[in-house]
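Only heavy atoms go into these numbers, but all of them, side chains included; no hydrogens, no water, no symmetry mates.
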There are 4 protein chains.
Amino acid sequence: MPTAKTTQGVPVKAAKTRERFNRDDNVIAAAISVMSDKGYASTSIQEVAERVGVLKGSLYHYFSSKEELLYRILEESHEQSREIHREVIELDLPPLETLLLYVRRLSVWYLANVERANIFFTEMKHLTGDRQVAAAGWGRAFERDISDQVVAGQADRSIRDDIDQRLLTRFILGAVNNVRFWPSRRSSRQFDHDAIVDALVALVGDSIRAS
Amino acid sequence: MPTAKTTQGVPVKAAKTRERFNRDDNVIAAAISVMSDKGYASTSIQEVAERVGVLKGSLYHYFSSKEELLYRILEESHEQSREIHREVIELDLPPLETLLLYVRRLSVWYLANVERANIFFTEMKHLTGDRQVAAAGWGRAFERDISDQVVAGQADRSIRDDIDQRLLTRFILGAVNNVRFWPSRRSSRQFDHDAIVDALVALVGDSIRAS
Amino acid sequence: MPTAKTTQGVPVKAAKTRERFNRDDNVIAAAISVMSDKGYASTSIQEVAERVGVLKGSLYHYFSSKEELLYRILEESHEQSREIHREVIELDLPPLETLLLYVRRLSVWYLANVERANIFFTEMKHLTGDRQVAAAGWGRAFERDISDQVVAGQADRSIRDDIDQRLLTRFILGAVNNVRFWPSRRSSRQFDHDAIVDALVALVGDSIRAS
Amino acid sequence: MPTAKTTQGVPVKAAKTRERFNRDDNVIAAAISVMSDKGYASTSIQEVAERVGVLKGSLYHYFSSKEELLYRILEESHEQSREIHREVIELDLPPLETLLLYVRRLSVWYLANVERANIFFTEMKHLTGDRQVAAAGWGRAFERDISDQVVAGQADRSIRDDIDQRLLTRFILGAVNNVRFWPSRRSSRQFDHDAIVDALVALVGDSIRAS
DNA sequence: AATGAATGAGGTTTCATTCAT
DNA sequence: TATGAATGAAACCTCATTCAT
């Protein structure tokens, strides 16, 4: 989310700033597009540069290495999913409702950011060193968010307790993560995102609700 | 470590064939292991060769290109899942039962072949030309197998019909495909595969069953 | 950190000139420090700029190319050694005494300017074209300074003549040039420059004096 | 010194071996030649490859990185100078004689291997990590070899003791290391190596001998 | 004077693949 | 079958230099 830069009376500076902003975002956007398609390893800096419209050497003004570019994409995605979690938690709903709302919001985000999500779920392994360590934490935090609600839901008897909470957690996690594949295929008629999300939430709800 | 090749008293042809076979399987096995870990694009022929215990150039006696090696891995996986489907269909059970049994058998296979499954679900995009066309068909067939049962189940009222069959199909597909991630994580206690599969089948069943 | 430029009450022109001078010297100083350490070829303009505290592009206000920066460093060093020579010659001492005094003064300068000396003796090869031609002359002149005294010393029988003057010259040259390495090493006790210079002069004197 | 590979009756294998040997040596030789001329940092793998007559990628059969190539050159030089030291020590001569013989032999080697010596004395700084550590040891050992004899010579009164042994050591070291520059210059008449070495030994001897 | 984005050339390295032995 | 040297293309990255602002 680029912060608004409404400027009055200082048009030149503002223009420059906006331009820079766009260029920086352009690079990320181009990288997301290519990497989602071909995968991180098969994506060349060259291709990203072409899409941005600069020479490959010039890209290194925006990031210091290919891996850092990947990291930034992943980090942004992570931040946005944290934000969603924060918003949902703040509503202070009962566990099952919190969980299903979180599932809903995440699904909406994944469907609106399929490429980002693809990269997030398949390219993280290419991080190394400190970046790898940082990213490993994200996955855990993510699982924790869901796990917490599942445990609370089992405690207040809104969620079935005949299945271990960790297995329930992974089931839910998998269902949400996979929603990004639902719209694909050259099906005759495409489903709109609302229909998909409604179906997903209904299915997940019915599967985990205490009978 | 090249195995000693001295064969005495044993039919030479047979021995040779068996050896060939083993070596061939070794190559596939090595490739699966490395590619599951690092991804197709980041896997070098060199690494596969090292794991097999031969030199890079020698691998080309077993396959004609890196892509063909990938294709063979994917094809084998496909064959094995077709076989599972065939077995389940032959039992001639009612749709919902067929579906859940298929889910169960597939899950068992995925859990027993996590590396193969990883490759199957993430590296197919690296195929090109004819091989790509062939592989695309596999995915469709796979989805069809499930879709057919869903449609039949909706017809005989064993499966809920308030949700479009295509969405149900993708939900089920996603749940099964994701089961390979359930055991991972350095959890204090690992779940055995039976527990995982039972949970998955219960959850999927409860979510799609007509109420 | 760009220094504040507000000048009040001070003649603007003078201040500006001094500043310019300082900044110019800063650049040379920074370059000497980095190049002595890593060598000309491995030194990036970037690093020099960082040490000066400006951005890469800004350095080009002070010199027109990296090679010119090197040339200026070398030229300055050359000028300073010429100055030393001039001073010694003006004393109009006998050849051997002139020679040893020159050795002494040069050594003192080298020890006080180790980094400059390092660059002078190892990076001259990176000059090209006219600059290379100019620099080649310096080396010859330098050798000539010593050679002249050796020849004169042999003529007046103060310097041994059982060894060809050119060999004596190179021996002396080498001894002086190498004195810059004497203080290095993390020896328990460091020698002060006076002790080093005294030793060097004594050794050179005893080796070339006519017996 | 390539070990003799006289083969009788197995000509093919031998030829192959010799060829490989040569190619390996060729690479080192080409690298020495270029690096001595332009310096390590300014030498491109490309140039070395051209001189060898292969494509640049092919060079990586012979070493794993440019730095390793440098390391090998330096290591070989080090080994050869150790060998010289060993031979001289084995003669078990008095300290001053040992020292002067060592100076002589080293000088002969430097004059016969000017390019190697150039690299040894100017490019070591480009090593990093473990290689740097290893190389740092060489320099110390080298200095120690001379230092030991100086100390012993002062003890038996054959070497002057009015100058600290460390200073004497560095003087000697510098004199020897610099001998590689003596023949250079487009002088009208070149000195043969014997004349140079004789002069050097005489000069060093006369400078350090106890009076 | 200073900036910093952009260039374009070149550098090191990797790698799938071929082929003579 | 196996080898391993060689290829050639392409990858990531660096850097001196320019230029509009």
Side-chain angles (χ1 to χ4, degrees), chain A residues 12-13 15-16 19-20 23-24 41-49 52-69, chain B residues 2 5 16 19-20 23-24 41-49 52-69, chain C residues 2-3 5 16 19-20 23-24 41-49 52-69, chain D residues 12-13 15-16 19-20 23-24 27 41-49 52-69:
Chain A
V12 175
K13 181 72 180 307
K16 212 177 161 185
E19 230 174 63
R20 280 278 298 105
R23 181 51 67 91
D24 215 285
S42 298
T43 296
S44 73
I45 289 294
Q46 174 86 265
E47 283 167 290
V48 177
V52 175
V54 294
L55 294 189
K56 65 186 166 179
S58 308
L59 278 195
Y60 285 82
H61 282 286
Y62 302 99
F63 52 84
S64 63
S65 71
K66 189 184 172 188
E67 190 186 319
E68 206 216 85
L69 177 54
Chain B
K5 297 244 172 71
K16 243 182 147 171
E19 227 176 67
R20 247 304 296 249
R23 183 51 71 94
D24 217 283
S42 298
T43 295
S44 70
I45 288 293
Q46 174 86 268
E47 284 167 288
V48 176
V52 174
V54 296
L55 292 186
K56 208 167 38 165
S58 308
L59 281 196
Y60 284 80
H61 288 289
Y62 302 100
F63 54 86
S64 65
S65 73
K66 190 184 172 188
E67 190 185 320
E68 203 215 85
L69 177 54
Chain C
T3 49
K5 295 241 173 73
K16 242 181 147 173
E19 226 176 66
R20 249 301 300 249
R23 183 51 72 92
D24 217 283
S42 299
T43 295
S44 70
I45 288 294
Q46 173 86 269
E47 284 168 289
V48 177
V52 174
V54 296
L55 293 186
K56 207 165 40 165
S58 310
L59 281 195
Y60 283 81
H61 290 289
Y62 302 100
F63 54 85
S64 64
S65 73
K66 189 185 173 188
E67 190 185 320
E68 204 215 85
L69 177 55
Chain D
V12 175
K13 180 71 180 304
K16 212 178 162 184
E19 231 174 64
R20 280 278 299 108
R23 181 50 68 93
D24 216 284
V27 173
S42 299
T43 295
S44 73
I45 289 293
Q46 174 86 265
E47 284 168 289
V48 177
V52 175
V54 294
L55 295 188
K56 63 186 166 177
S58 309
L59 279 195
Y60 285 80
H61 282 285
Y62 301 100
F63 52 84
S64 62
S65 72
K66 190 185 172 187
E67 190 185 320
E68 206 215 85
L69 177 55

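- Rounded to a whole Å, the OH atom of B:Tyr62 is 17 Å from the P atom of E:dT17.
- Rounding to whole angstrom units, CD of residue A:Glu47 and P of F:dA10 are separated by 12 Å.
- Here the side chain of B:Lys66 is nearest to one of E:dA16, F:dA5, E:dT12, namely E:dA16.
- The listed nucleotides are E:dC15, F:dA2, E:dA1; the one nearest the side chain of B:Ser44 is E:dC15.
- Residue whose closest nucleotide on DNA chain F sits further toward the 5' end, between C:Gly57 and D:Gly57: D:Gly57.
- In this structure, B:Tyr60 does not reach the E:dC19 phosphate: none of its side-chain N or O atoms is under 4.0 Å from OP1 or OP2.
- Checked against side chain to side chain donor-acceptor pair (under 3.5 Å), D:Gln46 has no partners two or more places apart in sequence or in another chain.
- Atoms CD1 (A:Ile45) and C1' (F:dT14) sit 13 Å apart, rounded to a whole Å.
- At least one side-chain heavy atom of B:Arg23 sits under 4.5 Å from a side-chain heavy atom of B:Val54.
- When the nearest nucleotides of DNA chain F are assigned to C:Gln46 and A:Lys56 by heavy-atom distance, the more 5′-ward of the two goes with A:Lys56.
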Inset, instruction - For DNA chain E, produce a single dot-bracket line, 5' to 3'. Pairs: Watson-Crick or G-U wobble, both distances under 3.5 Å. Symbols: ( ) within strand, [ ] crossing, | other strand, . unpaired. - result: .||||||||||||||||||||

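- When rounded to the nearest whole Å, the span between CD of A:Glu67 and C1' of F:dA11 equals 15 Å.
- Scanning for side-chain contact (heavy atoms from CB on, under 4.5 Å) contacts around C:Phe63 gives C:Val27, C:Ile45, C:Leu59, C:Glu68, C:Leu69, C:Arg72, with sequence neighbours left out.
- The CD-C1' distance, from C:Glu68 to F:dA16, rounds to 14 Å in whole Å.
- The side chain to side chain donor-acceptor pair (under 3.5 Å) check on B:Ser65 picks up nothing, with sequence neighbours excluded.
- Sequence neighbours left out, the pairs with a member in residues 53-67 of chain B that pass salt bridge (charged side-chain N to carboxylate O under 4.0 Å, His left out) are B:Glu67-B:Arg131.
- The residue C:Thr43 sits close only to the backbone: its heavy atoms come under 4.0 Å of sugar-phosphate atoms, none of a base.
- Note on B:His61: every side-chain N or O is 4.0 Å or more away from OP1 and OP2 of F:dT1.
- The listed nucleotides are E:dA16, E:dA2, F:dT7; the one nearest the side chain of C:Arg23 is E:dA2.
- Listed nucleotides: F:dG8, F:dA5, E:dT7. Nearest to the side chain of A:Leu55: E:dT7.
- As a whole-Å value, the separation of D:Leu59 CG from F:dG8 P is 14 Å.
- Remark: A:Ser58 pairs with no residue by the side chain to side chain donor-acceptor pair (under 3.5 Å) rule, at least two apart or across chains.
- Ranked by how close their nearest DNA chain E nucleotide is to the 5' end, D:Ser65 and A:Ser58 are led by A:Ser58.
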